[in-house]
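Below, each value reflects all heavy atoms present in this structure, side chains not excepted, and no hydrogens, waters or symmetry copies. Remember, it's a predicted structure, so these values are computed and weren't measured experimentally. Just so it is clear: chains get the letters A, B, ... in the order the sequence lines come, proteins before strands, and each one is counted from 1.
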Number of protein chains: 2
Amino acid sequence: MTIDNSYKDKKVITIGVVSELTGLSERQIRYYEERKLIFPERKEGKSRKYSFNDIETLIDIANKIEEGTQTYEIRQDMIKKQKLKDEKEIKKQMIQGQLNAHFGIQKKHYR
Amino acid sequence: MTIDNSYKDKKVITIGVVSELTGLSERQIRYYEERKLIFPERKEGKSRKYSFNDIETLIDIANKIEEGTQTYEIRQDMIKKQKLKDEKEIKKQMIQGQLNAHFGIQKKHYR
DNA sequence: CGTGTAAGGAATTCTGACACG
DNA sequence: CGTGTAAGGAATTCTGACACG
């Protein structure tokens, strides 16, 4: 689940290819960026570069819009989901911290 | 080993990005194509598109050339390796065929 | 042989704006 | 609100060629 993100997350695809792959117009793709739904990379005033992950996100966005969802709502949902994810991560780290405090040093004995 | 080739093999990257990612000049990248070492995709007279796999291949090529290997030799090696791979695949299928001929139908009884 | 470069053209991408609904 | 489009400019890519070694 955390393996091979190397390719999926690399922002290397131009908007033309993204358009072909998603079936969306370049106008739509740029607009969803304006509405803060996707975040292509841009080096020194150059052209936008997208990742395979961005493409999947775009397909999800397109589906939701077809269902009548507004970009604002989509954004709220994305923020909410991210928040939940962050909280889980923090909890996980806290529990790990507790465990380490109690058993961290002893661990060495087992190995 | 056969999972997630979906991204690695998709030809979606322009030559400019490939150049950045490999450190090779566009001239070099096009030349290696001329020497049949890489095979970008081109739709209707459009620009070349490369995959992440192509990028890895290019890095290997660059290393070999630095060592003094000529493009012709690199190509021969690639052909040889491909041949070995094909032969293994055929053998595998033949053995599978034999097994199926003997036990193929009975398999159903076990399940 | 492998690579650089200048040349001219074609295709791509970008932005800001007007339009419609 | 979400999307199309024409407009003009900038950046990208392409090919064939000459150059060097």
So what does the secondary structure string of DNA chain D come out as, 5' to 3', with Watson-Crick or wobble pairs under 3.5 angstrom, [ ] for crossing and | for pairs with another strand? .||||.||.|.|.||.||||.

What closest approach, in Å, do A/Tyr7 and B/Phe52 show between heavy atoms, and which atom pair accounts for it? CD2-CG, 3.1 Å

Sequence-distant partners of B/Tyr31, side-chain contact (heavy atoms from CB on, under 4.5 Å), two or more places apart: B/Arg27, B/Glu34, B/Arg35, B/Thr71

Contacting residues from residues 11-24 of chain B, given that a heavy atom lies under 4.0 angstrom of DNA chain D: B/Thr14, B/Ile15, B/Gly16

Atom pair CD (A/Glu20) and CD (A/Glu26), whose distance is rounded to the nearest 0.5 Å: 9.5 Å

On the nucleotide D/dT12, are OP1 or OP2 found under 4.0 Å from the side-chain N or O atoms that A/Ser47 carries? no

5'-most contact on DNA chain C (nearest-nucleotide basis), B/Lys46 vs B/Arg35, goes to B/Arg35

Is atom OH of A/Tyr72 surrounded by more than 12 heavy atoms (other residues, nucleotides or ligands) closer than 6.0 Å? no

So do B/Thr57 and B/Leu37 actually touch side chain to side chain, heavy atoms under 4.5 Å? no

Whole-Å gap separating C1' (D/dG2) and CG (A/Leu58): 15 Å

Contacts satisfying salt bridge (Lys or Arg N to Asp or Glu O under 4.0 Å) that involve residues 48-76 of chain B (not counting sequence neighbours) are B/Lys8-B/Glu56, B/Lys11-B/Asp54, B/Glu33-B/Arg48

Atom CZ of B/Arg42 and atom C1' of D/dT15: how far apart are they, to the nearest Å? 9 Å

Just the atom pairs and distances: protein N or O near nucleotides 16-20 of chain D's N or O, under 3.5 Å.
none

At under 4.0 Å, does any side-chain N or O of A/Tyr32 touch on OP1 or OP2 of D/dT3? yes

For DNA chain D, whose closest nucleotide is more 5', that of B/Arg30 or that of A/Thr71? A/Thr71

Results of ring-ring contact (aromatic ring centres under 6.0 Å, His included) for B/Tyr32 - residues two or more places apart only: none

Between A/Glu67 (CD) and D/dG2 (C1'), how many Å, whole number? 16 Å

Side-chain N,O (B/Tyr31) to OP1/OP2 (C/dT3) below 4.0 Å: no

Single-linkage hydrophobic cluster A/Leu99~A/Ile90, side-chain heavy atoms < 4.5 angstrom: no

A/Gln28 side-chain proximity, nearest of D/dT15, D/dG2, D/dT3: D/dT3

Side chain to side chain, B/Lys85 and B/Lys88, heavy atoms closer than 4.5 Å: no

Between A/Glu33 (CD) and D/dG2 (C1'), how many Å, whole number? 16 Å

Assign B/Arg48 to base, sugar-phosphate, or nothing according to its heavy-atom contacts below 4.0 angstrom with the strands shown. sugar-phosphate

Roughly, in whole Å, what's the span from NZ in A/Lys43 to P in C/dC14? 14 Å

Nearest-Å distance for atom pair CD/P, residues B/Glu34 and D/dC14: 14 Å

From CD of A/Glu26 over to C1' of D/dA6, roughly how many Å is that when rounded to an integer? 15 Å

For residues A/Tyr50 and A/Val17, determine if any side-chain heavy atom of one lies less than 4.5 Å from a side-chain heavy atom of the other. no

Do A/Ile65 and A/Gln28 make a side-chain contact, defined as non-hydrogen atoms from C-beta onward lying under 4.5 Å apart? no

Can you find a heavy atom in the side chain of B/Ile29 that is under 4.5 Å from one in the side chain of B/Ser19? yes

